[in-house]
Engineer: 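Quick one: structure below, then a few questions.
Since the structure is predicted, the reported quantities are computational estimates derived from the model, not experimental observations.
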Amino acid sequence: MHKVADRVYYKPAFKNINLGLVETDEGVVLVDTPMLPTQAIAWREEAERHGPIQFVLLTDHLVEHIMGALFMPGSLITHHSTMDKIRMTPKAKEHLRKRITKYDPQAADLLPENFNLPKPNLMLYDRFTAYLGERELEFLHLPGHSPNNAGLYVSDVRVLFAGHVVTNGYRPHLGLCDLSTWITTLQAIRVMEVDIIVPGQGAPMTPDELEPLIQYLEVTRERIQTMVDEGRTRDEVVSKMMGYFDEWPTDPEWRDEERNLYRQGIRRIYDRLVGRTK
């Protein structure tokens, strides 16, 4: 676990997705949970050495963030629209079980027979503030990467846990995105009273270091808009945009998954630009 500021920590988990821990006089607040059960249990035990777990913020609905909440005490906090995104069919749950046990063989004995993704106890709309001891904790809606992305701002040390609306050195995942909203959110973060951002993946960074991410999203939108203006079909746009995929380095283990997410994202951006979807 790495120290970010006074009693504020982060730790990379499966796929280098960052977990967060904020210590207060009345207990601990966690940001996201590991997908793999053995990591989740180890994270819970590590967190509880800093105090009882009071809240767990899940920054979006993706299983890499929320699965470990099955093994966590405390109240779960999510954006309100996350509730509609965590329902799974039996077939989807079986697929998820196989995926988890592939990377964590012990999970076969740890996952409940008929598990369900955890439902939140507290739901966030725009923002709300909680006080634990002397520490003020502001839970924020930070849309863009996904419509339900949420973050945690620790005001006394000016640290923002941003979830996957921010990545540092990792490919921004476009599969659920709204580019215009994403850029607006990043521009808003840049002018917040923030000294350190803990991204969804990658090392902590300053607001000034957001510029390359903003530029990437703007260039992606401009490339697709240009092809839309030329009258290209969606398939043509996707085919052309795949040529830009290797602008970012990719871990060979996740290359196929990242290509699928990128392709999905290009389709989504195209549909928004031509008015097929909101």
Engineer: Please evaluate residues Ile224 and Arg272 with respect to the criterion side chain to side chain contact (heavy atoms under 4.5 Å, CB included), reporting the C-alpha separation (whole Å), side-chain torsions for both, the decisive distance (0.1 Å), and the verdict.
Structural biologist: CA-CA 11 Å; Ile224 298 173; Arg272 284 180 176 274; over 6 Å; no
Engineer: Are the side chain of Thr181 and the backbone N or O of Gly144 linked by a donor-acceptor pair below 3.5 Å?
Structural biologist: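 Checking the backbone N and O of Gly144 against the side chain of Thr181, no donor-acceptor pair under 3.5 Å is found.
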Engineer: Give the intermediate values and the outcome of side chain to side chain contact (heavy atoms under 4.5 Å, CB included) for residues Leu273 and Leu179.
Structural biologist: CA-CA 10 Å; Leu273 289 176; Leu179 279 187; over 6 Å; no
Engineer: Among Val56, Thr59, Leu58, Ile77, which residue satisfies the side-chain contact (heavy atoms from CB on, under 4.5 Å) criterion with Val31?
Structural biologist: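 Filter result, single survivor: Thr59.
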Engineer: Would you say Gln39's side chain and Leu36's backbone share a donor-acceptor pair under 3.5 angstrom?
Structural biologist: no
Engineer: Counting only heavy atoms not in Lys93, do more than 12 sit closer than 6.0 Å to its NZ atom?
Structural biologist: yes
Engineer: When rounded to the nearest 0.5 angstrom, what distance separates CG in Asp109 from OG1 in Thr38?
Structural biologist: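 Spacing of CG (Asp109) from OG1 (Thr38) equals 11.5 Å.
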Engineer: With a 4.5 Å limit on heavy-atom distance, are the side chains of His79 and Phe139 in contact?
Structural biologist: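 They are not in contact (no side-chain heavy atoms under 4.5 Å apart), so the answer is no.
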Engineer: So with a 6.0 Å cut-off around CD of Gln215, is the heavy-atom count from everything else above 12?
Structural biologist: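 Enclosed.
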Engineer: Closer than 3.5 angstrom, by distance alone: can the side chain of Gln225 be matched with the main-chain N or O of Thr220 as a donor-acceptor pair?
Structural biologist: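 Flag not set: sc Gln225 to bb Thr220 has no pair under 3.5 Å.
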Engineer: Just so I know, are the side chains of Lys3 and Val8 near enough to count as touching, which here means a heavy-atom distance under 4.5 Å?
Structural biologist: no
Engineer: Is there a chain of hydrophobic side chains (I, L, V, M, F, W, Y, each step under 4.5 Å between heavy atoms) that links Val194 to Leu137?
Structural biologist: no
Engineer: What residues, two or more places apart in sequence or in another chain, satisfy side chain to side chain donor-acceptor pair (under 3.5 Å) together with Ser146?
Structural biologist: Asn148
Engineer: Do Phe55 and Ser75 come close enough that some side-chain heavy atom pair is under 4.5 Å?
Structural biologist: yes
Engineer: Side chains of Ser155 and Glu136: does their closest heavy-atom pair fall under 4.5 Å?
Structural biologist: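 Of all side-chain heavy-atom pairs linking Glu136 with Ser155, at least one is under 4.5 Å.
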Engineer: Any donor-acceptor pair under 3.5 Å linking the side chain of Arg268 with the backbone of Leu176?
Structural biologist: yes
Engineer: Distance-only, no hydrogens or angles: does the Asn168 side chain make a donor-acceptor pair with backbone N or O of Ala203 under 3.5 Å?
Structural biologist: yes
Engineer: If hydrophobic clusters are built by linking Ile, Leu, Val, Met, Phe, Trp and Tyr wherever their side-chain heavy atoms come under 4.5 Å apart, do Ile17 and Tyr103 end up in the same one?
Structural biologist: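 Looking at the clustering, Tyr103 is in a separate group from Ile17.
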Engineer: Under a 3.5 Å cutoff, is there a donor and acceptor pairing between the side chains of Ser239 and Glu236?
Structural biologist: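 Side-chain D/A pair, Ser239 to Glu236: absent.
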Engineer: Is Trp182 reaching over with its side chain to a backbone N or O of Val165, donor-acceptor style, under 3.5 angstrom?
Structural biologist: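 Here the side-chain-to-backbone pair exists.
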Engineer: Do side-chain atoms of Glu258 reach the backbone of Arg255 as a donor and acceptor pair under 3.5 angstrom?
Structural biologist: no
Engineer: Please name all residues satisfying side chain to side chain donor-acceptor pair (under 3.5 Å) with Asp208, sequence neighbours left out, ordered by chain then number.
Structural biologist: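 So Asp208 forms no side chain to side chain donor-acceptor pair (under 3.5 Å) with any residue.
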Engineer: Find the distance between CG (Asn16) and CZ (Phe14) and round it off to the nearest 0.5 Å.
Structural biologist: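 Between Asn16 CG and Phe14 CZ, I get 10.0 Å after rounding to 0.5 Å.
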Engineer: Do Leu174 and Met242 belong to the same hydrophobic cluster, where Ile, Leu, Val, Met, Phe, Trp and Tyr are linked whenever their side-chain heavy atoms lie under 4.5 Å apart, directly or via other members?
Structural biologist: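 They do share one cluster, since a chain of ILVMFWY contacts under 4.5 Å joins Leu174 to Met242.
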Engineer: Do the side chains of Pro199 and Asn18 get nearer than 4.5 Å, heavy atoms only?
Structural biologist: yes
Engineer: Counting distance only, does the side-chain N/O of Arg171 pair as donor-acceptor with the main-chain N or O of Phe245 below 3.5 Å?
Structural biologist: yes
Engineer: Side-chain donor-acceptor pairs under 3.5 Å in residues 23-30, sequence neighbours left out?
Structural biologist:
residue, atom, partner, partner atom, Å
Glu23, OE1, His50, ND1, 3.0
Thr24, OG1, Glu26, N, 3.0
Thr24, OG1, Gly27, N, 3.1
Thr24, OG1, Gly27, O, 2.7
Asp25, OD1, Arg7, NH1, 3.1
Glu26, OE2, Gly133, N, 3.1

Engineer: List the atom of Ile189, the atom of Pro207, and the distance in Å for their closest heavy-atom pair.
Structural biologist: O-CB, 4.4 Å
Engineer: Can you label the angle between the His80 ring and the Tyr125 ring as parallel, tilted or perpendicular, going by 30° and 60°?
Structural biologist: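 The rings of His80 and Tyr125 lie parallel, inter-plane angle below 30°.
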Engineer: What I'd like to find out is whether the side chain of Met192 reaches to under 4.5 Å of the side chain of Leu140, using heavy atoms alone.
Structural biologist: yes
Engineer: About how many Å separate CZ of Arg234 and CD1 of Ile266, when rounded to the nearest 0.5 Å?
Structural biologist: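 Reported to 0.5 Å precision, the distance equals 11.5 Å.
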Engineer: For His2, check side-chain contact (heavy atoms from CB on, under 4.5 Å) against everything at least two apart and list the hits.
Structural biologist: Tyr10, Pro12
Engineer: Looking only at heavy atoms, which two atoms of Leu213 and Val166 are closest? And how far apart?
Structural biologist: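 So the minimum-distance heavy-atom pair works out to CD2-CA, 4.0 Å.
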Engineer: To the nearest 0.5 Å, tell me how far Ile53 CD1 sits from Thr33 OG1.
Structural biologist: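 So the CD1 of Ile53 and the OG1 of Thr33 are separated by 10.5 Å.
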Engineer: Does the plane of the ring in His173 sit parallel, tilted or perpendicular to the ring in His164? Use 30° and 60° as the thresholds.
Structural biologist: parallel
Engineer: Between Met35 and Ile100, is a side chain to side chain contact (heavy atoms under 4.5 Å, CB included) present by the stated rule, with each step listed?
Structural biologist: CA-CA 8 Å; Met35 185 180 92; Ile100 289 172; 4.1 Å; yes
Engineer: Flag the pair Arg99 and Glu257 as a salt bridge only when some basic side-chain nitrogen lies within less than 4.0 angstrom of an acidic carboxylate oxygen.
Structural biologist: yes
Engineer: Please determine whether residues Trp43 and Val4 belong to a single hydrophobic cluster, defined as Ile, Leu, Val, Met, Phe, Trp and Tyr linked transitively by side-chain heavy-atom distances below 4.5 Å.
Structural biologist: no
Engineer: Is a side-chain donor or acceptor of Tyr153 paired with a backbone partner of Ala162 at a separation under 3.5 angstrom?
Structural biologist: no
Engineer: Nearest heavy-atom pair of Thr101 and Ala108: which atoms, and what distance?
Structural biologist: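 For Thr101 and Ala108, the tightest heavy-atom pair comes out as CG2-N, 3.7 Å.
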Engineer: Which ring-ring contact (aromatic ring centres under 6.0 Å, His included) pairs, counting each pair once, include a residue from residues 187-236, with sequence neighbours left out?
Structural biologist: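 Checked against ring-ring contact (aromatic ring centres under 6.0 Å, His included) - neighbours excluded - the pairs reaching residues 187-236 are Tyr216-Trp248.
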Engineer: Taking the six-membered ring of Trp254 as reference, does the NZ or CZ atom of Lys15 fall below 6.0 Å from its centre and within a 45° cone about the axis?
Structural biologist: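 Geometry flag: set, cation within 6.0 Å and 45°.
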Engineer: Side chains of Leu57 and Phe161: does their closest heavy-atom pair fall under 4.5 Å?
Structural biologist: no
Engineer: Below 4.5 Å, heavy atoms only, C-beta onward: do Pro73 and Arg44 meet side chain to side chain?
Structural biologist: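 Yes; the side chains approach each other to less than 4.5 Å.
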Engineer: Decide side chain to side chain contact (heavy atoms under 4.5 Å, CB included) for Ile66 and Thr82; before the verdict, give the C-alpha distance in whole Å, the side-chain angles of both, and the deciding distance to 0.1 Å.
Structural biologist: CA-CA 11 Å; Ile66 75 172; Thr82 296; 5.7 Å; no
Engineer: Applying salt bridge (charged side-chain N to carboxylate O under 4.0 Å, His left out) as the test, list every pair that has at least one member in residues 211-223; sequence neighbours left out.
Structural biologist: Arg190-Glu211, Arg223-Glu247
Engineer: Could you tell me if Asp60 and His65 have a donor-acceptor pair between their side chains, going purely by distance under 3.5 Å?
Structural biologist: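 Short answer, yes.
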Engineer: Might you confirm whether atom CD of Glu253 has over 12 heavy atoms from other residues, nucleotides or ligands at distances under 6.0 Å?
Structural biologist: yes
Engineer: Show, in sequence, the C-alpha distance, side-chain angles and deciding distance for Thr206 and Glu209, and conclude whether the side chain to side chain donor-acceptor pair (under 3.5 Å) test is met.
Structural biologist: CA-CA 5 Å; Thr206 66; Glu209 294 175 286; 3.3 Å; yes
Engineer: Going hydrophobic residue to hydrophobic residue with side-chain gaps under 4.5 angstrom, can you get from Leu152 over to Leu19?
Structural biologist: no
